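What follows is a short report on a single structure.
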Amino acid sequence: MFRMWGKLWKDNRMLRDTVVEEESEDTRTHKIFRALEEICYEFDLGKPIWLDSTIKEFKRRSKARFYQDSFMEEVPFDYLEIQILEE
């Protein structure tokens, strides 16, 4: 089972969080994108852009932060953090 944790942070405080479970037999990349899409849907956000720095961080630690520059619209938080809990 694949599980991803999504968290919204502002001023070093967690505003909201959710855990998404994915049980398909799809590739890891597809599971990540689907889980991120579900997290954004639940938080009512547009999909963030994966910048090179975000990709490097995610590959290294299975955790990434999406700041304001990753979103097309203005967001009312400091960053969205995603983290893989289980694969």
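All residue numbers in this chain count up from 1 along the given sequence. The structure presented is a predicted model; accordingly, all values stated were derived computationally and were not measured.
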| hydrophobic_cluster_shared for Phe33 and Phe71, side chain cutoff 4.5 Å | yes
| field | Considering all heavy atoms, the nearest Thr54-Ala64 contact | value | CG2-CB, 3.8 Å
| What residues, two or more places apart in sequence or in another chain, satisfy side chain to side chain contact (heavy atoms under 4.5 Å, CB included) together with Glu74? | Gln68
| remark: Residues joined to Met1 in its hydrophobic cluster, side chain to side chain under 4.5 Å directly or through other members, sorted by chain and number, are none
| field | Criterion salt bridge (Lys or Arg N to Asp or Glu O under 4.0 Å) against Glu57, the qualifying member of Arg60, Lys59, Arg61 | value | Arg61
| query | Can you list every pair that meets salt bridge (charged side-chain N to carboxylate O under 4.0 Å, His left out) and has a residue in residues 38-47, with sequence neighbours left out? | reply | Glu37-Lys47
| query | With distance as the sole test, does Asp17 use its side chain to make a donor-acceptor pair with the main-chain N or O of Gly6 at under 3.5 Å? | reply | no
| Considering all heavy atoms, the nearest Cys40-Pro48 contact | SG-CD, 3.6 Å
| Contact check, side chains of Leu15 and Phe43, non-hydrogen atoms, under 4.5 Å | no
| query | Does the pair Ile39 and Leu80 meet the rule for a side-chain contact (heavy atoms from CB on, under 4.5 Å), with working shown? | reply | CA-CA 10 Å; Ile39 289 168; Leu80 165 65; 4.2 Å; yes
| query | Do any pairs count as a side-chain hydrogen bond (donor to acceptor under 3.5 Å, both in side chains) and have a residue in residues 19-32, sequence neighbours left out, and if so which ones? | reply | Glu22-Ser24, Glu22-Arg34, Ser24-Arg34, Asp26-His30, Asp26-Arg34, Thr27-His30, Arg28-Ser62, Arg28-Glu87
| field | Heavy-atom side-chain proximity of Phe2 to Ile84 below 4.5 angstrom | value | yes
| Out of curiosity, does Ile55 fall in the hydrophobic cluster containing Met4 (side-chain heavy atoms, cut-off under 4.5 Å, transitive links)? | yes
| remark: Besides Met72, the hydrophobic cluster formed by Ile, Leu, Val, Met, Phe, Trp and Tyr side chains linked at under 4.5 Å, directly or via other members, contains Ile49, Leu51
| request: Find the distance between CD (Gln83) and CZ (Arg65) and round it off to the nearest 0.5 Å. | output: 10.0 Å
| Do Phe58 and Leu45 share a hydrophobic cluster, counting only Ile, Leu, Val, Met, Phe, Trp and Tyr and linking them when any side-chain heavy atoms are less than 4.5 Å apart? | yes
| request: Could you tell me which residues satisfy ring pair (Phe, Tyr, Trp, His ring centres under 6.0 Å) with Tyr41, sequence neighbours excluded, listed by chain and number? | output: none
| Straight-line distance of Lys63 NZ to Leu85 CG, nearest 0.5 Å | 10.0 Å
| Short question: side chain of Glu81, backbone of Trp9 - any donor-acceptor pair under 3.5 Å? | no
| message | Is there a side-chain contact between Phe66 and Tyr79 in this structure, where contact means two heavy atoms from C-beta onward sitting under 4.5 Å apart? | response | no
| task | Determine whether Trp5 and Arg3 make a side-chain contact, defined as any pair of heavy atoms from C-beta on separated by less than 4.5 Å. | result | no
| Do Phe77 and Tyr67 touch side chain to side chain, with heavy atoms closer than 4.5 Å? | no
